[in-house]
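A short worksheet on the structure shown next.
Keep in mind that what you see is a predicted model, and the values were worked out from it rather than measured. Proteins get letters first, then strands, A, B, ... in listed order; numbering begins at 1 in each. Computation of the quantities below employed the complete heavy-atom set of this structure, encompassing side-chain atoms and omitting hydrogens, waters and symmetry-equivalent molecules.
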There are 2 protein chains.
Amino acid sequence: MISLKNISKYYPAGFGRVYVLRNISLDIAEGEFVSIMGPSGSGKSTLLHILGLLEEPSEGEYLFLDTPVQKLSEKRRTDLHRNHIGFVFQAYHLIDELTVYENIETPLLYKGMSSSERKSRVADLLDRFNIVGKKDLFPNQLSGGQQQLVGIARAVAARPRVIFADEPTGNLHSDQAKEIMELFKKLNQEDGVTIVQVTHSDVNAAYGNRILNLKDGWLESTPVPTL
Amino acid sequence: MISLKNISKYYPAGFGRVYVLRNISLDIAEGEFVSIMGPSGSGKSTLLHILGLLEEPSEGEYLFLDTPVQKLSEKRRTDLHRNHIGFVFQAYHLIDELTVYENIETPLLYKGMSSSERKSRVADLLDRFNIVGKKDLFPNQLSGGQQQLVGIARAVAARPRVIFADEPTGNLHSDQAKEIMELFKKLNQEDGVTIVQVTHSDVNAAYGNRILNLKDGWLESTPVPTL
Ligand SMILES: Nc1ncnc2c1ncn2[C@@H]1O[C@H](COP(=O)(O)OP(=O)(O)OP(=O)(O)O)[C@@H](O)[C@H]1O
Ligand SMILES: Nc1ncnc2c1ncn2[C@@H]1O[C@H](COP(=O)(O)OP(=O)(O)OP(=O)(O)O)[C@@H](O)[C@H]1O
Ligand SMILES: [Mg+2]
Ligand SMILES: [Mg+2]
């Protein structure tokens with residue numbers, strides 16, 4: 001379903017380059033639940049953005065659902081992202097000018113749903129995440145954890161085939177973090193959703209079937225240790 | 001050193017009010033290391049902002065270093081904040097238009113230091129946090145954890161008497177989180193710095209001498225359990 005071949009990402013620095021990802025090759029099959037771990041600055045968010053069609057690599061090939069992504073126009077890449085992908089950002093990236101309700105509804109606007117279908121889906125998510133009372137507030141009126149929950153609700157709203165989640169529980173208490181991981185597990189096991197999460201937590205990583213370790217932009221893969 | 005009496009914070013909602021903090025009274029002595037814990041939305045960041053002189057309560061009194069804060073002008077409150085307080089924000093709040101070096105240097109500009117003294121202090125912090133290579137980059141070119149480290153470096157730069165830290169390790173790997181907590185412990189035990197941290201982590205809370213639990217804006221206090 002997802003296949004990276006010799007992917008590199010670098011930025012200009014002085015007269016040379018600083019490499020953020022180096023020669024990354026990996027395959028993710030449909031239905032997998034993969035965790036990406038590694039120190040700060042090791043390239044996890046960069047890798048997730050490339051996988052989620054939000055950023056282009058400097059070199060290498062990316063096959064997403066058998067489509068060679070690097071040959072696509074930006075418009076085609078954006079369509080693919082909107083049709084198949086839910087993305088939870090490390091810094092939430094909610095739209096400040098939209099309410100909580102409107103932020104969660106945004107991905108549904110591309111799905112050809114009726115207005116009442118959208119309304120019912122958003123209401124269901126607000127209820128499940130326990131934030132009904134916040135639906136008319138704006139992101140800057142929410143706590144850090146509440147913003148994180150809205151980001152997750154938005155990512156799962158359109159029932160995407162793949163969810164990319166960048167440290168989805170960093171600002172949550174352990175009970176709430178557990179609820180989010182149980183939701184991901186349910187989506188993966190009951191609905192066959194492919195999940196790729198970046199996490200610093202061994203507890204969260206244990207929910208997946210595989211761990212990819214990044215270090216200075218290099219990749220190593222290990223099966224999930226039994227805790 | 002810090003004394004809150006009957007502090008409440010609310011926002012207008014419809015025809016009524018939504019209470020974020022309810023009737024909070026607490027004292028923090030100089031040299032304490034206090035952790036504030038509680039679920040998402042329980043008012044922790046709000047309480048920390050009031051303690052850090054960044055927000056005003058709706059009701060109640062706040063004595064900071066024997067000064068009744070609610071009687072002060074905004075300018076006086078800002079001076080107090082700049083002279084005595086280091087604040088680590090939950091969402092970092094780095095200045096996008098300034099480099100990493102300039103962000104860390106900002107609090108030193110109010111301290112009447114010579115340019116070479118500032119240069120030496122910033123160099124020392126960049127080195128200690130292992131981010132020398134990033135000093136000329138802008139915040140949007142850093143990883144989430146790197147931004148968090150710059151926020152912490154900025155908060156400790158001017159050697160403040162009190163540090164307020166809002167979930168300072170949420171985006172860090174456990175080794176780096178430990179380094180930050182060891183730094184706080186050192187500042188507290190060797191330099192007598194008062195530390196008030198908001199944290200979701202029991203491991204981090206164990207570094208302090210006292211835990212304050214917030215729930216729906218109400219406060220309860222417990223000594224630190226031995227783990
Ligand atoms: N301008 C505002 N208008 C309405 N409600 C607000 C406003 N600002 C904050 N709130 C509410 O105050 C409550 C407490 O927020 P706060 O950020 O203090 O929580 P917190 O305990 O730090 O949570 P977290 O652990 O998620 O960071 C939240 O329910 C939030 O929605
Ligand atoms: N525009 C840029 N110019 C230069 N360097 C950049 C740029 N964008 C990102 N980087 C660098 O890429 C590296 C990897 O960043 P990335 O955000 O992928 O790390 P990460 O593994 O997600 O870290 P964290 O765990 O802290 O979130 C960092 O060292 C960062 O400074
Ligand atoms: Mg990251
Ligand atoms: Mg908070």
Side-chain angles (χ1 to χ4, degrees), chain A residues 11-14 18 20 37-49 89-94 129-131 133-134 136-150 166-177 179-180 198-203 205 213-215 217, chain B residues 11-14 18 20 37-49 89-94 129-131 133-134 136-150 166-177 179-180 198-203 205 213-215 217:
Chain A
Y11 294 97
V18 70
V20 171
M37 305 185 81
S40 243
S42 54
K44 307 181 295 298
S45 295
T46 304
L47 177 57
L48 210 72
H49 274 66
F89 293 90
Q90 186 169 7
Y92 321 145
H93 293 310
L94 301 179
F129 287 91
N130 226 339
I131 46 175
K134 307 292 174 189
D136 297 323
L137 293 184
F138 293 89
N140 62 15
Q141 295 174 308
L142 303 180
S143 78
Q146 290 163 347
Q147 292 178 33
Q148 191 154 39
L149 292 177
V150 174
D166 201 342
E167 308 199 36
T169 64
N171 267 311
L172 300 176
H173 191 62
S174 48
D175 315 326
Q176 289 165 312
E179 282 178 38
I180 293 305
V198 167
T199 184
H200 280 304
S201 153
D202 297 315
V203 170
N213 286 302
L214 269 182
K215 198 159 160 50
Chain B
Y11 293 97
V18 70
V20 172
M37 304 185 82
S40 244
S42 54
K44 306 181 296 298
S45 295
T46 304
L47 178 56
L48 211 72
H49 274 66
F89 293 89
Q90 187 168 6
Y92 322 146
H93 293 310
L94 300 179
F129 286 91
N130 228 338
I131 46 175
K134 307 292 174 190
D136 297 322
L137 292 184
F138 292 90
N140 63 15
Q141 295 174 308
L142 303 182
S143 77
Q146 289 164 347
Q147 291 177 32
Q148 192 154 38
L149 292 178
V150 175
D166 201 342
E167 308 200 35
T169 63
N171 268 310
L172 300 176
H173 191 62
S174 48
D175 314 326
Q176 289 165 311
E179 281 180 36
I180 294 304
V198 167
T199 185
H200 280 303
S201 154
D202 297 314
V203 169
N213 285 304
L214 268 182
K215 201 163 160 50

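Nearest heavy atoms, Gly41(A) versus Ser143(B): N-OG, 3.5 Å. The nearest pair of heavy atoms linking Glu167(B) to Gly170(A) is OE1-O, 4.4 Å. When all heavy atoms are compared, the tightest approach of Ser40(A) to Gln146(B) is OG-N, 3.9 Å.
Remark: His173(B) NE2 to Lys44(A) NZ distance equals 8.5 Å, nearest 0.5 Å.
The main-chain N or O of Asn171(A) is found under 3.5 Å from a side-chain atom of His200(B) such that the two form a donor-acceptor pair.
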